[in-house]
*Asks:* 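First, the structure itself, so that you have it in front of you.
This is a predicted model, so every value here is computed, not measured. Just so it is clear: chains get the letters A, B, ... in the order the sequence lines come, proteins before strands, and each one is counted from 1.
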Amino acid sequence: MSKILEKEFFSENVAKIDLYAPEIAKSRKPGHFVIIKIGDKGERVPLTIASSDNEKGTITLVVQKVGVTSAKLLKLEVGDEVTDVVGPLGKATHIEKVGTVLCAGGGVGVAPLMPIVEGFKKAGNRVITVLAARTKELVILEEQMRRYSDEVIIMTDDGTYGRQGLVTQGMEEVIKREKVDMSVIIGPAIMMKFGALTTKKYNIKTYVSLNTIMVDGTGMCGACRVSVGGKTRFVCVDGPEFDAHQVDFEQMMMRMGAYKDQEYAAYQKYLGTLETVA
Amino acid sequence: MENIIDYLKAERSQEWRNEIRKSMKTKERTSKVRASMPEADPDVRNKSNVEVNTGLDKDIAILEAQRCIDCPTPTCIDGCPVGIYIPKFIKKIEVGDFLAAASVLKETNGLPAVCGRVCPQEKQCEASCFYTLKLNKPPVAIGYLERFAADYERNSGKATVPEVAGSSKVKVAVVGSGPAGLAASGDLAKLGYDVTVFEALHEIGGVLKYGIPEFRLPNDIVDFEIENLRKMGVKFRNNFLVGKTASFEDLKADGFEAFFVGSGAGLPRFMNIPGENYNGIFSSNEYLTRVNLMNAAKPEFDTPVISGKNVAVIGGGNTAMDSVRTAKRLGAKRAMIIYRRSEEEMPARIEEVKHAKEEGIEFMNLHNPLEYYADETGRVKSAKIQKMKLGEPDASGRRRPIPIEGSEFVIDVDTVVVSVGVSPNPIVPASLPKLEITDWGTIVVDKDTMQSSTMPEIFAGGDIVRGGATVILAMGDGRKAAAGMHKYIQEKTKAN
Ligand SMILES: Cc1cc2nc3c(=O)[nH]c(=O)nc-3n(C[C@H](O)[C@H](O)[C@H](O)COP(=O)(O)OP(=O)(O)OC[C@H]3O[C@@H](n4cnc5c(N)ncnc54)[C@H](O)[C@@H]3O)c2cc1C
Ligand code: FES
């Protein structure tokens, strides 16, 4: 059981939640994630740890409403408990001084990117961050990113904020302008795929953080498997970060759609129960 | 060993044992027919989760207990990895003192209701029963009787909690709550230690909970045993991954003086054939976890599972049988085993294979998948299968399967469960660079004390030491390790 100590909405469907989990707060490093489960009948879902506060004993999760569990989590209030929280899981990001690091985040991928941006900055790198969103309201964590980035470029699909265009355009602009030594891209699968193609063109070492379907998160089931460099790897223990140019994104996107129908039906049912309660 | 033999002799010559032995002629005992286990109707049970074996009733249990001739040298005990005092508990059943029979079981086995259900007795105690060895008759149904006594005690409401030696302040940690960890924690609690069991999942029980299905081992039974351990003072921390949530160093700093690692063989293997990552293809661990641990087949639970119409399960072990029988229960029209050797080589228990057949499972033995094909959404739709034949025995002693060239054909499948074995869970070894492990990733320990060869405060047992093994071997390891840890801590305290 982990109590929610703070909750703040960034937009209608995205909120930051601080959970009391002192052991995890103490052990976690950038790149780690937790698995949560809400209620006895809940499913287990992975969420990246965006930041932590060792003194308060809290970890911060940034949650976007995409299905039953995220919707349930966003409905919980300060003082409520999340039934199960386990972590930190996965391998931590390998942070070192490499020179200039280009970080790109899209959608809720911005949340897991935050500790990585912070880590690379603190390790003495020049960090340029590209944040992408559909529209102005969906741009999150801008202020925090600015704190640890030498430059933040914002791209929106509809041009309501920053510049109009895709994340890859923002990235390419930087790559053409200056020498980039490494890149980290986190976001929806399709965005990571095209981001990876962009950096590949310029031969820049690139990492992505994968958000596959998971069950246990300890390497026990293989639900999270992806093909990397032609080999099957388990995202929860071998990842979540992999060499972007080796990941089979097509297969990953196909696998992420495995339960689309069931998930949609479950979500509709869940929304239905809310209506009957209201 | 000497003192055990003496103990057995002394027990056997007790007045009540002499009397009961003399109460019936050996001839009469050996002329009785072995009890058969009552079972739920195959056509009913393959559509529900009811337990398949329903257990012996009192009268039948007593009749079966009468078959045991109470041998002077009970060879059956040699076949039992934890050395249960088999004739003694059986004779307690014969005299009708079922609670006493259960106590005898619990002297050496903390989970008799579990073992009575899932142990491969046909390869252990019953294989070395006098009836099997000398009379060429079906052995005494030791497993059924074990289950009977344990169930009787549980249902009587008079189950006793083992005595705990005055509580000590010495803290010990158990990593993993499978049978190895549970057995170790029970013994450590009896010795008076302050025991905490750390478990990565949200449920306690390891494979007993997430792997073995309800129809073979109801969760209540496992929970009852866990509750007993709680009463003995054992603390359980779920959602705690040792090596991740906290390191061994952190726990040492917290005062834990010794560790038992029973982290299991949780890493599923795949065959690495084309198409194996299509949707609808699972490891047996994932398939069983979704259904058993996450209750995915029940609509009120959030976790989804794909319930296919044509389900192929690849493999011939217990895990494969559990998966294929689960698929049938989830509504599969065709639920089939695809196994590359013949039924004779199958590692699954004979009883499971028999039950599977009764439930309408198809067996494609001497077949092996080569490739999977999917529809446009990425969901598996068919498999290319090759026929096999048996050649010379390989390193495992089983005859090697050889592909028959040109025998390939394609079958329709919409769900595939890959059940071709597991590897040791790498999380603990990865977090302890000094720990000696084998090339297969198992932890190297002394076989008597179960102490790590390189880290004296670490003990290990069960599947993390043996690779995939059995519940009873895991429990035996846990018990040996508890004794080893006790000795280690005593010596350490003396030295200081
Ligand atoms: C489907 C199936 C059916 C089987 N049927 C039979 C049968 O009929 N008869 C039989 O005898 N055997 C059977 N077996 C084998 C038997 O279940 C295993 O040999 C036995 O469970 C091994 O016990 P264990 O305690 O070593 O590990 P496990 O039962 O695997 O338990 C290990 C536990 O440790 C936890 N863990 C791992 N790492 C950590 C960590 N770092 N920190 C905290 N916790 C951790 C895991 O989550 C898990 O709960 C079956 C196995 C399966 C999968
Ligand atoms: S989530 Fe089960 S192995 Fe990765």
*Asks:* Mind checking the OH-CG spacing from A:Tyr20 to A:Leu5? Nearest 0.5 Å is all I need.
*Replies:* 8.5 Å
*Asks:* Do A:Lys26 and B:Thr245 have side chains that get closer than 4.5 Å, going by heavy atoms?
*Replies:* no
*Asks:* Can you tell if the side chain of B:Ile338 reaches within under 4.5 Å of the side chain of B:Asn368, non-hydrogen atoms only?
*Replies:* no
*Asks:* Which one, B:Phe240, B:Phe270, B:Phe282, leads in non-hydrogen pairs under 4.5 Å with chain A?
*Replies:* B:Phe270
*Asks:* Pull out the residues in residues 421-431 of chain B that come under 4.5 Å of chain A, heavy atom to heavy atom, sorted by number.
*Replies:* B:Asn425, B:Ile427
*Asks:* With sequence neighbours left out, write down each residue that passes side-chain contact (heavy atoms from CB on, under 4.5 Å) with A:Cys236, or none if nothing qualifies.
*Replies:* A:Phe33, A:Met214, A:Cys224
*Asks:* What part of A:Val85 is in contact with chain B, defined as an atom under 4.5 angstrom from a non-hydrogen atom: side chain, backbone, both or neither?
*Replies:* backbone
*Asks:* Who among A:Arg28, A:Arg255, A:Arg225 has the most heavy-atom pairs with chain B under 4.5 Å?
*Replies:* A:Arg225
*Asks:* Are any non-hydrogen side-chain atoms of A:Val208 and A:Ile186 less than 4.5 angstrom apart?
*Replies:* no
*Asks:* Using modelled atom types and a 3.5 Å cut-off, is there a donor and acceptor pairing between side-chain atoms of B:Ser284 and backbone atoms of B:Ser419?
*Replies:* no
*Asks:* In terms of heavy-atom pairs under 4.5 Å, which option from A:Gly257, A:Gly219, A:Gly222 contacts chain B the most?
*Replies:* A:Gly219
*Asks:* Chain A heavy atoms under 4.5 Å from B:Arg237: which part of the residue, side chain, backbone, both or neither?
*Replies:* side chain
*Asks:* Side chain, backbone, both or neither: which part of A:Glu23 has a heavy atom under 4.5 Å from chain B?
*Replies:* both
*Asks:* So which of A:Ala21, A:Gly90, A:Ser227, A:Pro88 has the largest heavy-atom pair count under 4.5 angstrom toward chain B?
*Replies:* A:Pro88
*Asks:* At a heavy-atom distance under 4.5 Å, which candidate from B:Met294, B:Lys244, B:His202, B:Arg379 has the highest pair count against chain A?
*Replies:* B:His202
*Asks:* Please state whether the side chain, the backbone, both or neither of B:Ile281 comes within less than 4.5 Å of a heavy atom of chain A.
*Replies:* both
*Asks:* When you measure from the side chain of B:Asn279 to the backbone N and O of A:Met254, does any donor-acceptor pair fall under 3.5 Å?
*Replies:* yes
*Asks:* For B:Lys235, is there an ion pair with B:Asp194 - N to carboxylate O distance below 4.0 angstrom?
*Replies:* yes
*Asks:* Say whether, by atom type as modelled, one donor and one acceptor occur between the side chain of B:Arg230 and the main chain of B:Ile226 under 3.5 angstrom.
*Replies:* no
*Asks:* Please examine the side chains of A:Ile17 and A:Leu74, heavy atoms only from C-beta on, and report whether any two atoms are closer than 4.5 Å.
*Replies:* yes
*Asks:* Between the main-chain N or O of B:Lys209 and the side-chain N or O of B:Asn292, is there a donor-acceptor pair closer than 3.5 Å?
*Replies:* no
*Asks:* Does B:Ala173 offer a backbone N or O that forms a donor-acceptor pair with the side chain of B:Lys171 under 3.5 Å?
*Replies:* no
*Asks:* If we define contacts as heavy-atom pairs under 4.5 Å, which of A:Asp248, A:Thr83, A:Asp84 has the most with chain B?
*Replies:* A:Asp84
*Asks:* Could you look at A:Asp40 and say if it's the side chain, the backbone, both or neither that has a heavy atom under 4.5 Å from chain B?
*Replies:* backbone
*Asks:* So for A:Arg44, is it side chain, backbone, both, or neither that comes closer than 4.5 Å to the heavy atoms of chain B?
*Replies:* both
